[in-house]
Amino acid sequence: MTTSVRTRFAPSPTGDMHIGGVRTAIFSWLTAKHHDGLFFMRIEDTDQDRHVAGSCRRILETFDWLGIQLDGGPDHASLQAMKSEEDYPGALNDGSYRGIPGPFIQSQRLPHYREWAEWLVANGYAYRANETPEELERLRADVISRKEVWSFREEMRLRADVDPSQPHVIRMRVTPRDGTTHLRDLVKGDVAFENANIDDTVLIKADGYPTYHLANVVDDHLQGVTHVIRGDDWLSSAPKHVLLYKYFGWEMPKFAHVPNVLGEDGRKLSKRHGATSVFEFRDQGYLPEAVINFLAMLGWAPGEGDEQNVFTISELIEKFSEDHIGSSPAVFSYTKLDWLNGVHIRRMPVAELARLLTPFVQAAGIALDSPELKAQFMAAVPLIQERIKTLKDAAGLIDFMFTDIPPVPAASLVDKKMDQATSLNALRETREVLAQLADFDPTQMEHAMRALAERLNVKAGPLFTIVRNAVTGKSVTPPLFGTISVMGREITLQRLDRAIDALSR
RNA sequence: GCCCUCAUCGUCUAGUGGACUAGGACGCGGCCCUUUCAAGGCCAAAACACGGGUUCGAAUCCCGUUGAGGGCACCA
C-alpha cells in the first residue's frame with residue numbers, strides 16, 4: 001500500500017480568514033492535490049478565550065467561495081445548511097471522512113491529548129508542575145533582570161510534588177539537555193536548534209486543554225498528516241514538535257515553513273495596507289481563481305525554466321511542487337492582483353461573467369428586473385469584458401445604458417476640430433441616419449456613420465466623439481456603436497434630440 | 001538581549017559553479033493598432049545588499065557585516 005499524501009489547514013476560530021492564511025491553505029491544498037492526496041481542515045480552538053463566535057462558519061464559507069473541496073470537515077451541503085446559523089455546532093464533529101479520523105475540532109478531541117500527555121509522563125518525557133502564572137512571571141522577571149536566558153526547567157519548580165488531583169500543567173521534559181535537535185524543512189532546509197534553548201513547554205494547560213505544541217503533533221499523527229505546511233512563525237517552536245515525535249516514536253511528517261506575506265512597506269501585511277480579509281477581496285469583485293493564482297505565485301514559481309504566470313486551477317495542481325516554495329518573504333502587490341483578475345475575467349465565458357457580474361451591477365443601483373433589461377445587460381457584457389479589472393468596475397462602464405444621464409454640457413458637443421454650426425449639423429444628420437437605419441446593428445451603423453462623415457466632410461474621429469458625448473454623457477465608454485446598439489434606438493434618438501436642442505440655443 | 005530565518009530589477013520571480021551580455025511577469029515610459037477607453041503587438045529603462053575567502057571560474061559554495069522578518073506565554 002502506498003501512503004497517500006495528506007495535508008491539513010488548521011486555523012483558529014478567531015475571525016475572518018486573513019489573506020496570508022489563505023495562501024498557506026492554498027499551498028497545503030495544492031500539495032495534497034498535486035500528489036492526488038487528501039486535504040482537510042481542523043479547527044484549533046484550544047484557547048477558549050480567543051474564540052470568536054461564527055468564525056468556523058466564516059472559515060468554511062471561505063473555502064466554499066474559493067472552490068476548494070475539503071476531504072475532511074463538513075461537506076458543501078452541510079455548509080449551505082448552516083448559513084443561517086451563528087455557528088456550526090457539531091459539523092466538524094462527525095466521524096471520519098475518507099479514512100481520516102475525526103473529530104475535526106480540537107475541543108472535541110480532549111481525551112486524545114490527555115491520553116498521550118499521560119503517556120509522556122509515564123515514560124519520563126513530561127512532568128507535572130503547578131506554578132501559578134504570577135509565580136512564573138516573578139521567576140521570569142528575576143531571570144531576565146540577571147540578563148540570563150529565560151527557559152523553564154523542572155528544577156525551577158517551586159513545589160516538587162504535585163498532586164495529580166489538583167489543578168496543574170504538564171510540561172515536556174527536554175531530553176537530552178545538551179546536543180541539538182535538527183529539522184529538515186522543505187522550504188528552509190536543515191535547521192538546527194540547541195536543546196539548551198528549548199524550554200520545558202506546557203503541553204496540557206491547567207484548564208485541561210492542550211497547547212498547540214501537543215495538540216498539533218497528536219492530531220497530525222492520528223490523522224495521518226504527511227506534510228505539515230504552516231507559516232514560518234512556527235519555525236522557532238518546530239524543534240519542540242520534532243522532540244515530541246521522537247518521544248512518541250512516531251514517524252515524522254515533512255515540514256514546510258512558508259514565509260510571511262508582507263505589505264508594500266515591507267512590514268507584515270495588515271489592515272492599513274488595504275484589504276486583508278478574504279471576504280473583502282470577494283466583495284470587491286475579485287475572482288477566486290485569480291486570488292488563488294495570485295496567492296500561489298506569491299512565493300512559489302514553477303521553476304525549471306517554466307515562465308508561466310497565468311494558471312488555471314488544474315494547471316496549478318499539475319505544476320505545483322512544495323519544494324519550489326521560496327524561502328524569502330513576499331510583498332503582496334495589489335496592482336498585480338488587479339492585472340491577474342483582469343486576465344481571468346477576459347478568459348471567462350461571457351455567460352459566466354454576466355452571471356457573476358449581476359449582483360455587483362444590481363448593488364450599484366442598476367435594476368435588472370425585467371427580461372428586457374436582463375437581455376440588454378447580457379448584450380453589454382461582451383463590450384466591457386476586456387475593460388474591467390474587477391467585477392465592481394462594470395457598473396461604472398454601463399450605468400448610462402440603464403439610467404438617465406444628466407444634461408450634457410454644450411461644450412462637449414463641439415469638437416475641437418469642428419465649429420458649433422458644423423457640430424450641430426453633424427448631430428442632426430446623425431439623428432437622421434440612425435433614425436432611418438434599417439437594422440440597429442453595430443457594423444451597419446458604423447458603415448453608415450463613416451459614410452456620413454465623408455458626406456459632411458468631417459473626420460470620423462471628431463464626429464464619433466461628439467456623438468459619444470451626446471448619447472452617453474461620457475467621453476470614455478465602451479465602443480460607440482456596440483454601446484448604441486445595446487441602448488436601443490429610442491433612448492439614443494432621445495438623447496440626440498436633447499443634445500441638438502442644447503446646442504441650438 | 002538570546003535563538004531561528006531571509007537577502008536577484010520598484011514588486012513577484014527564474015537561476016542549484018562555466019549555457020548570464022543575469023531570463024520572464026506586473027508596474028512605469030515609448031511606439032504600433034485604434035472612434036474614446038481598454039485589450040493586443042513591439043521596444044526600452046530597471047537587480048545579484050556589502051566585505052572577505054574557496055575556485056581556472058561565483059548570483060550560485062564558505063565566513064563575516066549590514067538590513068529585514070519571526071520566535072522567546074498555562075496564544076495559536
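Proteins come first, then strands; the chains are lettered A, B, ... in the order of their sequence lines, and each starts at number 1.
Nearest heavy-atom pair, Val169(A) versus Val202(A), reported as atom, atom and distance to 0.1 Å: CB-CG1, 4.0 Å.
Using modelled atom types and a 3.5 Å distance limit, the side chains of Arg8(A) and Gln223(A) yield no donor-acceptor pair. The closest side-chain donor-acceptor pair between Asp219(A) and Gln106(A) falls under 3.5 angstrom.
rC42(B) is paired with rG30(B) under the Watson-Crick or G-U wobble criterion, all donor-acceptor distances under 3.5 Å. With a cut-off of 3.5 Å on both Watson-Crick or G-U wobble distances, the partner of rC61(B) is given as rG53(B). With both pairing distances under 3.5 Å, rC6(B) is matched to rG67(B) as a Watson-Crick or G-U wobble pair. In this entry rU16(B) has no Watson-Crick or G-U wobble partner, no candidate having both defining distances under 3.5 Å. Across all strands shown, rG1(B) pairs with rC72(B); the Watson-Crick or G-U wobble distances both stay below 3.5 Å.
Minimum atom distance to the side chain of Arg346(A) is reached by rA39(B), of the listed rA39(B), rU35(B), rA25(B). In this structure, of rC12(B), rU35(B), rC75(B), it is rU35(B) that holds the atom nearest to the side chain of Pro479(A). Taking the side chain of Pro133(A) as heavy atoms from C-beta on, and the options rA39(B), rU35(B), rC74(B), the nearest nucleotide is rC74(B). Checking rA38(B), rA76(B), rC12(B) against the side-chain heavy atoms of Arg387(A) singles out rA38(B) as nearest. With rA76(B), rU35(B), rC26(B) as the choices, the nucleotide that has an atom nearest any side-chain atom of Phe481(A) turns out to be rU35(B).
Rounded to whole Å, the separation between the C1' atoms of rU5(B) and rG40(B) comes to 43 Å. Nucleotides rC26(B) and rC43(B) have their P atoms positioned 14 Å apart, rounded to a whole Å. Only the C1' atoms considered, rA49(B) is 12 Å distant from rC6(B), to the nearest whole Å. Using atom C1' as the reference point in both rG24(B) and rU66(B), the two lie 30 Å apart (nearest Å). Distance check on atom P: rU55(B) versus rG67(B) gives 31 Å, rounded to whole Å. Going from the C1' atom of rC31(B) to that of rA44(B) covers 10 Å, rounded to whole Å. The gap from the C1' atom of rA46(B) to that of rU8(B) amounts to 12 Å, rounded to the nearest Å. Comparing the C1' positions of rA39(B) and rC33(B) gives an interatomic distance of 11 Å, to the nearest angstrom.
What separates CD of Glu304(A) from P of rU16(B) is a distance of 10 Å, to the nearest Å. One interatomic measurement links the two molecules: CZ of Arg114(A) to C1' of rC74(B), which rounds to 13 Å at whole-angstrom precision. Atom CZ of Phe152(A) and atom P of rC72(B) are 17 Å apart (whole Å). With rounding to whole Å, Asp47(A) atom CG is found 15 Å from rA73(B) atom P. Arg230(A) has its CZ atom 13 Å from the C1' atom of rG71(B), to the nearest Å. Protein atom CH2 of Trp339(A) is 13 Å distant from nucleotide atom C1' of rU11(B), rounded to whole Å. Here rG40(B) presents its P atom at 8 Å from CD of Glu386(A), a figure rounded to the nearest Å. Counting to the nearest Å, the C1' atom of rG67(B) and the CZ atom of Arg267(A) are 12 Å from each other.
For Tyr209(A) and Tyr113(A), the ring centers are positioned 6.0 Å apart or more. A centroid separation of less than 6.0 Å is found between the aromatic rings of Trp234(A) and Tyr212(A).
Using a 4.0 Å heavy-atom cutoff across all strands shown, Pro13(A) reaches no nucleic acid atom at all. Using a 4.0 Å heavy-atom distance criterion, Pro329(A) is classed as a sugar-phosphate-only contact. Counting any heavy atom pair closer than 4.0 Å across all strands shown, Lys268(A) reaches sugar-phosphate atoms only and no base atom. Within the 4.0 angstrom heavy-atom criterion, base atoms lie near Val169(A). Here Glu131(A) lies in heavy-atom contact (under 4.0 Å) with a base. Ser328(A) comes within 4.0 angstrom of the backbone, heavy atoms only, and of no base. Note on Lys240(A): nothing from the nucleic acid sits closer than 4.0 angstrom, heavy atoms only. Among the heavy atoms of the strands, none lies under 4.0 Å from Ile388(A). Leu298(A) comes within 4.0 angstrom of sugar-phosphate atoms only, judged by non-hydrogen atoms across all strands, and of no base. The residue Gly299(A) sits close only to the backbone: its heavy atoms come under 4.0 Å of sugar-phosphate atoms, none of a base. Looking at heavy-atom distances under 4.0 Å, Ala460(A) makes no contact with the nucleic acid at all. In this structure, Pro302(A) reaches neither bases nor backbone, as no heavy-atom distance under 4.0 Å exists between it and the strands shown. Among the atoms of the strands shown, none is found under 4.0 Å from any heavy atom of Ser151(A). Looking at heavy-atom distances under 4.0 Å, Pro478(A) makes contact with a base.
Between Met172(A) and Leu120(A) the shortest side-chain heavy-atom distance does not fall below 4.5 Å. Within the 4.5 Å cutoff, no side-chain heavy atoms of Phe332(A) are placed close to those of His273(A). Within the 4.5 Å cutoff, side-chain heavy atoms of Ile170(A) are placed close to those of Glu118(A).
Each of His324(A) and Phe464(A) was assigned the nucleotide of RNA chain B with the nearest heavy atom; the assignment lying further toward the 5' end belongs to His324(A). Each of Asp45(A) and Glu307(A) lies near RNA chain B, and the nucleotide nearest Glu307(A) is the one positioned closer to the 5' end.
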Could you go through nucleotides 2-5 of chain B and list every protein N or O atom that sits under 3.5 Å from one of its N or O atoms, giving the distance for each pair?
from	atom 1	to	atom 2	distance (Å)
rU5(B)	O2'	Lys188(A)	NZ	2.8

Scan nucleotides 41-48 of chain B against the protein and return all N/O pairs shorter than 3.5 Å with their distances rounded to 0.1 Å.
none

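The pair Arg146(A)-Asp142(A) counts as a salt bridge, with a side-chain nitrogen and a carboxylate oxygen less than 4.0 angstrom apart.
The number of heavy atoms from other shown groups lying within 6.0 Å of NZ (Lys474(A)) is above 12.
Evaluated for a side-chain hydrogen bond (donor to acceptor under 3.5 Å, both in side chains) with Arg159(A), the options His168(A), Glu131(A), Glu135(A) yield exactly one hit, Glu135(A).
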Checklist line | Test log, rule side-chain contact (heavy atoms from CB on, under 4.5 Å), inputs Trp116(A) and Val217(A) | finding: CA-CA 10 Å; Trp116(A) 288 105; Val217(A) 169; over 6 Å; no

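Between Lys336(A) and rU13(B), a side-chain N or O to OP1/OP2 separation shorter than 4.0 Å is absent.
In this structure, the separation between CZ on Phe360(A) and OG1 on Thr390(A) is 7.5 Å, given to the nearest 0.5 Å.
Using the six-membered ring where Trp is involved, His257(A) and Phe255(A) have ring planes that are parallel, under 30° apart on the 30 and 60° scheme.
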